[in-house]
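Predicted model only: the values in this text are computed from it and were never measured. Just so it is clear, the values below take in all heavy atoms, side chains as well, and ignore hydrogens, waters and symmetry mates. Counting from 1, the numbers follow the sequence of the chain as shown.
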Amino acid sequence: MNLNRTAQFRFLLSDDPLAAPALLPYLKIYGNRCMSYSTTQPGLKHALLESVGYISWLEINPLFMGKHAVILSEPVAPPELQVSLIKRLERHLGKLTLVQIGEPLAAKLHEQGYSVYQIGVESELDIQSFNLDGKHKNSLRRWRNKALNSGVVVEESLLSETNCREVEEICHDWLKGKGGKELSFLTRPMPKTDEDGVRFFWARQGDELLGFSGFDPMYDNGRTIGYYHNFDRICSGAVNGTSPFTLLQAMDKFRSEGKKTLSLGLSPLYGMDSGYNLVGPLQKIAQLFYEYGEKIYPFKGNAGHKAKFCGRKKKVYVASNAGWFRTMVAAATACGLEVKNQLT
């Protein structure tokens with residue numbers, strides 16, 4: 001399959017009421033990565049090529065060095081056309097950095113002259129075969145038993161069916177320990193209304209809401225094949241283990257529905273190997289951030305918690321046609337750090 005040379009991009013903004021209906025059909029066919037659903041979040045721009053797919057990006061001006069498009073994950077399009085879409089968009093936008101892409105696309109872009117750097121690993125669980133057996137899952141068993149013995153009950157309901165004040169209080173309590181505000185881009189903002197395919201599970205002890213987990217859908221050829229555990233909010237006084245218990249209860253529901261994959265998302269700077277362009281000083285910088293950068297981002301805590309589920313680890317990358325400094329700005333975005341000087 002080749003791109004039609006005469007076909008033109010249709011450019012859309014996320015707040016355009018026509019954007020979601022235009023993007024959703026492609027998302028439900030090709031949106032099989034954990035970040036695919038996040039491409040519909042507020043604040044992004046989109047380039048749609050009819051009958052092919054789309055690319056979503058955040059436009060920044062790092063340190064006033066010129067416009068730079070930070071593309072969220074991979075193009076939502078057939079894998080064999082992704083590079084062609086990227087190269088066509090490059091002619092419109094110039095400097096590009098793709099954040100959190102898989103190894104197949106990273107290898108292709110490296111062949112095209114892009115600089116490629118590993119930024120960590122994504123953790124995935126096989127829902128149908130997952131169990132709590134083995135010494136490495138002792139913490140999960142202990143947390144499950146603690147929650148059950150404490151009377152914690154997990155139920156699924158729509159966001160609109162839950163007391164909005166309770167949800168706001170949980171989010172406010174949770175955000176106090178996270179810098180006080182919602183992040184965006186790789187960590188999309190908490191929705192305020194129901195969204196197509198997004199599911200929420202609520203943990204209560206009696207009448208008290210202790211926390212909740214939200215899951216974004218992952219699609220393949222029109223079917224929901226799994227979910228990305230994107231939202232995890234727990235109040236400070238919750239029973240120890242409420243968060244993993246909520247996730248385990250949700251997995252039981254997904255298993256009964258025949259779903260295949262649960263993604264726990266990115267562990268930044270974890271499981272790093274040399275290769276491509278991550279060598280020498282850049283590799284050392286990555287190691288130093290992982291070891292000593294807890295005040296910037298909880299690298300070790302994030303990786304350690306996800307490792308308790310013993311899932312598959314898939315390397316993910318940044319790819320850029322810009323210099324290493326601009327690529328580092330994109331990598332900072334990938335780690336959930338604020339990108340300054342966003343263009344309006």
Side-chain angles (χ1 to χ4, degrees), residues 34 37-38 41 123 125 132 137-195 198-216 227-254 262-268 294-309 335-338:
C34 70
Y37 193 90
S38 291
Q41 70 180 280
S123 298
L125 306 179
L132 295 180
K137 296 177 182 174
N138 179 60
S139 296
L140 298 181
R141 294 194 296 272
R142 184 175 68 252
W143 287 329
R144 178 199 60 185
N145 293 338
K146 174 69 172 177
L148 288 172
N149 293 334
S150 300
V152 178
V153 176
V154 175
E155 296 179 337
E156 180 181 12
S157 66
L158 295 173
L159 188 61
S160 61
E161 296 172 338
T162 305
N163 186 307
C164 62
R165 185 168 184 175
E166 283 186 307
V167 177
E168 289 173 357
E169 289 175 352
I170 291 287
C171 289
H172 178 73
D173 190 28
W174 181 84
L175 285 170
K176 284 192 298 185
K178 304 291 183 179
K181 67 176 182 178
E182 292 275 7
L183 297 174
S184 59
F185 201 56
L186 289 193
T187 304
R188 76 182 185 93
M190 175 74 185
K192 299 184 182 300
T193 59
D194 297 333
E195 296 180 330
V198 178
R199 301 172 68 171
F200 282 92
F201 290 77
W202 312 88
R204 294 184 180 274
Q205 188 179 40
D207 293 330
E208 181 184 2
L209 180 64
L210 302 181
F212 60 88
S213 289
F215 299 86
D216 289 347
Y227 293 94
Y228 166 41
H229 184 213
N230 200 12
F231 303 105
D232 186 42
R233 306 292 165 89
I234 302 295
C235 73
S236 56
V239 174
N240 187 32
T242 296
S243 171
F245 177 66
T246 305
L247 188 151
L248 292 171
Q249 294 294 98
M251 281 187 68
D252 287 344
K253 182 72 174 293
F254 300 154
L262 179 68
S263 175
L264 302 180
L266 174 67
S267 295
E294 291 295 300
K295 290 185 178 179
I296 299 173
Y297 184 88
F299 298 105
K300 290 184 178 180
N302 179 301
H305 179 73
K306 292 173 183 177
K308 296 182 186 302
F309 290 86
C335 294
L337 306 179
E338 184 178 4

Problem - Pair Met251-Leu262, side-chain contact (heavy atoms from CB on, under 4.5 Å): steps then yes or no - result: CA-CA 8 Å; Met251 281 187 68; Leu262 179 68; 3.4 Å; yes
Rounded to the nearest 0.5 angstrom, the CG-CG distance for Asp216 and Asn230 is 4.5 Å
Distance col, row Ser236:OG vs Trp174:CH2, nearest 0.5 angstrom, shows 13.5 Å
Given 3.5 Å as the limit, does a donor-acceptor pair link the side chain of Gln41 with the main chain of Ser38, or not? yes
Margin query: Please check this pair: side chain of Arg141 against backbone of Leu132, looking for a donor-acceptor N/O pair closer than 3.5 Å.
Written below: yes
Minimal heavy-atom distance between Pro244 and Leu140, with the atoms involved, is CB-CD2, 4.3 Å
Rounded to the nearest 0.5 Å, the CG atom of Asn163 sits from the CD atom of Glu169 at a distance of 8.0 Å
So the salt bridge (charged side-chain N to carboxylate O under 4.0 Å, His left out) pairs with at least one residue in residues 300-309 (sequence neighbours excluded) are Glu291-Lys300
*Derivation and outcome, side-chain contact (heavy atoms from CB on, under 4.5 Å), residues Ile170 and Asp173*: CA-CA 5 Å; Ile170 291 287; Asp173 190 28; 5.9 Å; no
- Classify the ring geometry between Trp202 and Phe200 as parallel (under 30°), tilted (30 to 60°) or perpendicular (over 60°). parallel
For Asn302 and Leu266 the tightest heavy-atom approach is OD1-O, 3.4 Å
In terms of heavy-atom contacts, Met190 and Leu159 come closest through CE-CD1, 3.9 Å
Checklist entry - Taking the six-membered ring for Trp, are Tyr228 and Tyr37 ring centroids under 6.0 Å apart? => result no
Next item on the list: For the pair Gln205 (side chain) and Ser150 (backbone), establish whether a donor and an acceptor sit closer than 3.5 Å, ignoring hydrogens and angles.
Entry: yes
The reported gap from CZ in Phe212 to OG in Ser157 (rounded to nearest 0.5 angstrom) is 11.0 Å
Looking only at heavy atoms, the pair that brings Leu125 and Phe309 closest together is CD2-O, 3.7 Å
Between Phe231 and Pro191, the two heavy atoms sitting closest are CZ-CD, 3.5 Å
Candidate pair Ile234 and Leu210, rule side-chain contact (heavy atoms from CB on, under 4.5 Å), full reasoning = CA-CA 6 Å; Ile234 302 295; Leu210 302 181; 5.6 Å; no
Does any part of the side chain of Gln249, heavy atoms only, come nearer than 4.5 Å to the side chain of Phe201, both counted from C-beta? no
Other residues, nucleotides and ligands only: do more than 12 of their heavy atoms fall within 6.0 Å of NZ on Lys146? no
What verdict does the side-chain contact (heavy atoms from CB on, under 4.5 Å) test give for Phe245 and Leu148, after you've listed the backbone C-alpha separation in whole Å, the side-chain angles of each residue and the deciding distance to 0.1 Å? CA-CA 9 Å; Phe245 177 66; Leu148 288 172; 3.7 Å; yes
In terms of heavy-atom contacts, Gly265 and Cys34 come closest through CA-SG, 4.4 Å
The reported gap from CG in Leu247 to CG in Asp252 (rounded to nearest 0.5 angstrom) is 10.0 Å
dist Cys171:SG -> Glu166:CD (nearest 0.5 Å) comes out at 11.5 Å
Electrostatic pair Glu156:Lys253 at N-O distance under 4.0 angstrom:
yes
N-O pairing of Arg188 and Glu195 below 4.0 Å: yes
Plane angle bin for Phe215 and His229 - parallel if under 30°, tilted between 30 and 60°, otherwise perpendicular: parallel
